[in-house]
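These notes concern the structure reproduced below.
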Amino acid sequence: MIEYVKNSKRLTQDEVYMQGALAEAAYAFKEDEVPVGAVIVHRDVIIARAHNQVERLCDPTAHAEMIALTQASGLLKSKWLNDCTLYVTIEPCSMCAGALVLSRVNRIVFGAPDPKTGAFGSKLDINILKLNHRIKVKKGVLEEECSRLLKDFFAGKRKKIKV
């Protein structure tokens with residue numbers, strides 16, 4: 001596994017790519033979208049970057065994962081993303097999990113669990129269903145940073161409501 005050094009801490013390859021997803025989530029935060037970011041990696045190269053755009057596009061399906069899947073499929077000119085890994089700041093919901101199965105993404109790495117809608121173990125686990133594809137899952141990469149961004153966003157929303 002490749003390691004990088006930043007701020008005197010060695011980062012794994014998964015952490016480096018998750019930092020890319022966190023950068024996308026920061027864009028969403030600035031645009032007043034729920035701060036979720038995603039990147040898709042193919043053969044050690046980021047081929048797709050996206051963040052939530054649900055509010056901007058008035059589209060409930062405009063999740064970071066869905067937008068990144070569309071970008072990656074277009075770039076690879078394939079509906080199947082067999083050799084790809086999705087890095088996303090929060091555990092994907094059931095809609096995104098279904099799309100990930102259909103795209104045959106090899107692996108997902110997520111930061112924060114989502115106890116309300118997470119479909120890779122928190123609320124349900126799509127991998128236990130007898131579907132045509134199972135996805136390797138790694139949880140909790142840069143979890144603290146991913147969780148903090150979401151908590152800060154929703155704390156700001158609650159503060160605005162009280163004013």
Side-chain angles (χ1 to χ4, degrees), residues 1-4 6 11-31 33-114 116-143 145-146 149-150:
M1 181 170 283
I2 297 172
E3 290 188 316
Y4 298 87
K6 184 175 182 188
L11 298 179
T12 66
Q13 190 172 19
D14 284 342
E15 289 171 331
V16 170
Y17 291 131
M18 186 61 76
Q19 285 184 332
L22 275 163
E24 286 297 320
Y27 288 131
F29 192 108
K30 289 176 189 169
E31 294 173 1
E33 296 275 358
V34 175
V36 177
V39 299
I40 295 180
V41 175
H42 179 256
R43 298 181 182 160
D44 297 324
V45 176
I46 294 175
I47 62 167
R49 295 176 176 274
H51 56 275
N52 274 5
Q53 296 183 44
V54 172
E55 302 301 326
R56 178 181 177 196
L57 300 176
C58 297
D59 180 355
T61 69
H63 290 195
E65 302 95 308
M66 301 294 281
I67 295 167
L69 284 172
T70 299
Q71 289 175 5
S73 294
L75 182 79
L76 296 177
K77 298 191 182 339
S78 175
K79 64 182 178 182
W80 291 332
L81 304 175
N82 295 314
D83 297 324
C84 293
T85 299
L86 168 77
Y87 292 85
V88 63
T89 55
I90 193 168
E91 180 180 1
C93 69
S94 56
M95 173 187 69
C96 294
L100 290 162
V101 168
L102 292 172
S103 71
R104 298 187 184 175
V105 163
N106 182 50
R107 180 173 175 253
I108 70 157
V109 177
F110 68 83
D114 185 352
K116 291 183 180 176
T117 65
F120 284 95
S122 291
K123 191 67 171 180
L124 64 100
D125 188 348
I126 198 161
N127 273 331
I128 65 169
L129 302 175
K130 294 180 180 180
L131 300 175
N132 65 334
H133 179 68
R134 292 182 67 126
I135 301 170
K136 296 173 192 160
V137 179
K138 184 173 182 180
K139 306 173 183 184
V141 174
L142 300 182
E143 180 176 350
E145 294 90 332
C146 295
L149 196 59
L150 288 159

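When reading the values below, keep in mind they use all heavy atoms of this one structure, side chains included, and skip hydrogens, waters and symmetry mates.
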List the atom of [X], the atom of [Y], and the distance in Å for their closest heavy-atom pair.
X      : Y      : value
Glu33  : Val54  : OE1-N, 3.1 Å
Leu149 : Phe29  : O-CE1, 3.7 Å
Pro113 : Glu143 : CD-OE2, 3.4 Å
Cys84  : Ile40  : CB-CG2, 3.8 Å
Asn52  : Ala64  : OD1-N, 2.8 Å

TODO: I would like to know whether Ile67 and Gln71 meet side-chain contact (heavy atoms from CB on, under 4.5 Å); could you show each step before the answer?
DONE: CA-CA 6 Å; Ile67 295 167; Gln71 289 175 5; 3.8 Å; yes
- [ ] Apply the test side-chain contact (heavy atoms from CB on, under 4.5 Å) to residues Val41 and Ile47: give CA-CA distance (whole Å), side-chain angles for both, the deciding distance (0.1 Å), then the verdict.
- [x] CA-CA 6 Å; Val41 175; Ile47 62 167; over 6 Å; no
From [X] [atom1] over to [Y] [atom2], what is the distance, rounded to the nearest 0.5 angstrom?
X      : Y      : atom1 : atom2 : answer
Lys130 : Ile128 : NZ    : CD1   : 11.0 Å
Thr117 : Glu91  : OG1   : CD    : 7.5 Å
Arg134 : Asn106 : CZ    : CG    : 13.0 Å
Gln13  : Thr85  : CD    : OG1   : 8.5 Å

For [Y], does its backbone N or O pair with a side-chain atom of [X] as donor and acceptor, under 3.5 Å?
X      : Y      : answer
Glu15  : Thr12  : yes
Lys138 : Gly111 : no
Asp114 : Ser122 : no
Tyr27  : Ala50  : no

Task: Candidate pair Asp83 and Arg104, rule salt bridge (Lys or Arg N to Asp or Glu O under 4.0 Å), full reasoning - done: CA-CA 9 Å; Asp83 297 324; Arg104 298 187 184 175; over 6 Å; no
Task: Passing option when Val36 is tested against His63, His51, Glu24, Glu65 for side chain to side chain contact (heavy atoms under 4.5 Å, CB included) - done: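 Only one option passes, and that is Glu65.
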Run the side-chain donor-acceptor check on residues 93-102: report pairs under 3.5 Å with partners two or more places apart or on a different chain.
none

- [ ] Give the intermediate values and the outcome of side-chain contact (heavy atoms from CB on, under 4.5 Å) for residues Cys146 and Met18.
- [x] CA-CA 9 Å; Cys146 295; Met18 186 61 76; 4.2 Å; yes
Less than 3.5 Å apart, which donor and acceptor atoms pair up between the side chains of residues 72-81 and the rest of the protein, not counting sequence neighbours?
from, atom 1, to, atom 2, distance (Å)
Ser73, OG, Leu69, O, 3.0
Ser73, OG, Ser78, O, 3.3
Ser78, OG, Trp80, N, 3.0
Ser78, OG, Trp80, O, 3.0

Open item on the list: Can you tell whether the side chains of Asp14 and Arg107 come within less than 4.0 Å, N to carboxylate O?
Closed with: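 Arg107 and Asp14: salt-bridged.
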Open item on the list: Quick one, Val137 with Phe110, criterion side-chain contact (heavy atoms from CB on, under 4.5 Å). Give me CA distance, side-chain angles, the key distance, then yes/no.
Closed with: CA-CA 8 Å; Val137 179; Phe110 68 83; 3.8 Å; yes
